[in-house]
Structures are given as C-alpha cells and as structure tokens.
Amino acid sequence: FVGYRVAPDVQTHNAWGVGVYHFFKSPVEVEFGIVCPSSVEENFVSPLSVWLNGNGRMQHIINESGEPTFGREGQAQYVCSASPSTNRNSQKEKLSGKEGGDV
C-alpha cells in the first residue's frame with residue numbers, strides 16, 4: 001500500500017508539502033509513503049510522513065528517501081533537499097520558464 005502514488009508513465013508532476021499520516025492497528029510495515037517516477041521526485045517540495053499512533057511503521061517517505069516513522073505519537077520526518085527559499089525560487093523558474101526574476 002502507498003499513501004500517494006504517481007503513475008510510472010507520468011513525465012511532469014509538481015507537489016508541495018504532500019504528507020502521508022499513518023495509523024496501523026496491526027503491526028504492519030509499509031515500505032513507502034509516496035511512490036513516483038525518479039524523474040519527478042525532485043519536483044516534490046518538503047514531502048513528509050507522520051506516525052500518528054498504533055503498531056506499524058513506514059520505512060521511507062518518498063521512494064527510497066526519508067527516515068522511517070514509528071513509535072512516537074506525532075513523530076514527523078521530512079525530505080528537504082534545499083532550503084525553502086531556494087526550492088521556492090527553483091519552482092518559480094520551472095513554472096515560468098524563466099531563470100531568475102519575478103513570476
């Protein structure tokens with residue numbers, strides 16, 4: 001099972017702050033919260049996973065990236081490859097087709 005999946009044939013996808021919150025009544029281990037083609041993984045800005053309560057765990061947030069979440073209520077893990085301001089400017093440039101300047 002996966003909380004958020006992007007189909008393997010998708011070539012363009014942007015996502016900001018996508019989160020997978022999990023509670024497992026049984027002792028379940030899920031490998032990934034978010035699965036997407038590697039070509040669009042960099043277009044996810046600050047994906048996260050939060051363990052709410054229960055018996056299970058999630059091994060990775062997005063594909064093979066991110067620390068596991070389990071065992072402490074409200075425990076959150078994030079995958080952040082750059083500071084928010086750097087990521088935001090990069091996303092603006094991608095969306096506008098420009099390098100630098102205001103969008």
Side-chain angles (χ1 to χ4, degrees):
F1 294 100
V2 171
Y4 187 99
R5 182 184 303 273
V6 178
D9 59 336
V10 170
Q11 296 177 4
T12 303
H13 186 82
N14 295 299
W16 291 266
V18 172
V20 177
Y21 295 75
H22 59 97
F23 167 86
F24 300 112
K25 186 175 180 179
S26 301
V28 175
E29 186 169 305
V30 175
E31 194 65 27
F32 314 105
I34 302 168
V35 172
C36 68
S38 59
S39 61
V40 300
E41 187 173 341
E42 70 181 24
N43 296 337
F44 279 78
V45 178
S46 302
L48 66 118
S49 173
V50 179
W51 182 86
L52 296 173
N53 201 335
N55 296 306
R57 67 188 284 148
M58 185 179 299
Q59 287 298 105
H60 302 285
I61 299 167
I62 181 169
N63 295 338
E64 297 285 335
S65 299
E67 296 297 319
T69 49
F70 63 96
R72 195 176 79 219
E73 284 186 44
Q75 177 197 26
Q77 295 289 347
Y78 299 84
V79 175
C80 298
S81 58
S83 70
S85 62
T86 302
N87 253 342
R88 186 173 57 248
N89 290 336
S90 173
Q91 291 299 327
K92 282 183 180 180
E93 291 168 10
K94 285 180 185 179
L95 292 173
S96 70
K98 299 177 185 179
E99 291 190 25
D102 290 331
V103 175

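Side-chain atoms are counted along with the backbone in the values below, which use heavy atoms only and exclude waters and symmetry mates. Here the structure is a predicted model, which means the values were calculated and not measured. Heads up: numbering here begins at 1 and tracks the sequence.
Put simply, CE on M58 and OG on S49 are 4.0 Å apart, with the number rounded to the nearest 0.5 Å. Between the CG atom in N14 and the CZ atom in F44 there is a gap of 9.0 Å [rounded to 0.5 Å].
With sequence neighbours excluded, no residue forms a side chain to side chain donor-acceptor pair (under 3.5 Å) with E64.
No side-chain donor-acceptor contact under 3.5 Å links W51 to the backbone of P68.
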Sequence neighbours left out, cut at 3.5 Å: what donor-acceptor pairs do the side chains of residues 30-41 make with other protein atoms?
residue	atom	partner	partner atom	Å
E41	OE1	N63	ND2	3.0
E41	OE2	S65	OG	3.2

Show me the donor-acceptor pairs, under 3.5 Å and distance only, between side chains in residues 18-25 and residues at least two apart or in other chains.
residue	atom	partner	partner atom	Å
H22	NE2	T69	OG1	2.6

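No continuous path of ILVMFWY side-chain contacts below 4.5 Å connects V2 to V28, so the two sit in separate hydrophobic clusters.
Side-chain contact between V79 and P47 is present, with at least one heavy-atom pair separated by less than 4.5 Å.
E29 CD: more than 12 foreign heavy atoms inside a 6.0 Å radius.
The two atoms that bring G56 and F70 nearest to each other are O-CB, 3.8 Å, heavy atoms only.
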| task | Show your reasoning for whether side-chain contact (heavy atoms from CB on, under 4.5 Å) applies to T12 and V10. | result | CA-CA 6 Å; T12 303; V10 170; 5.6 Å; no
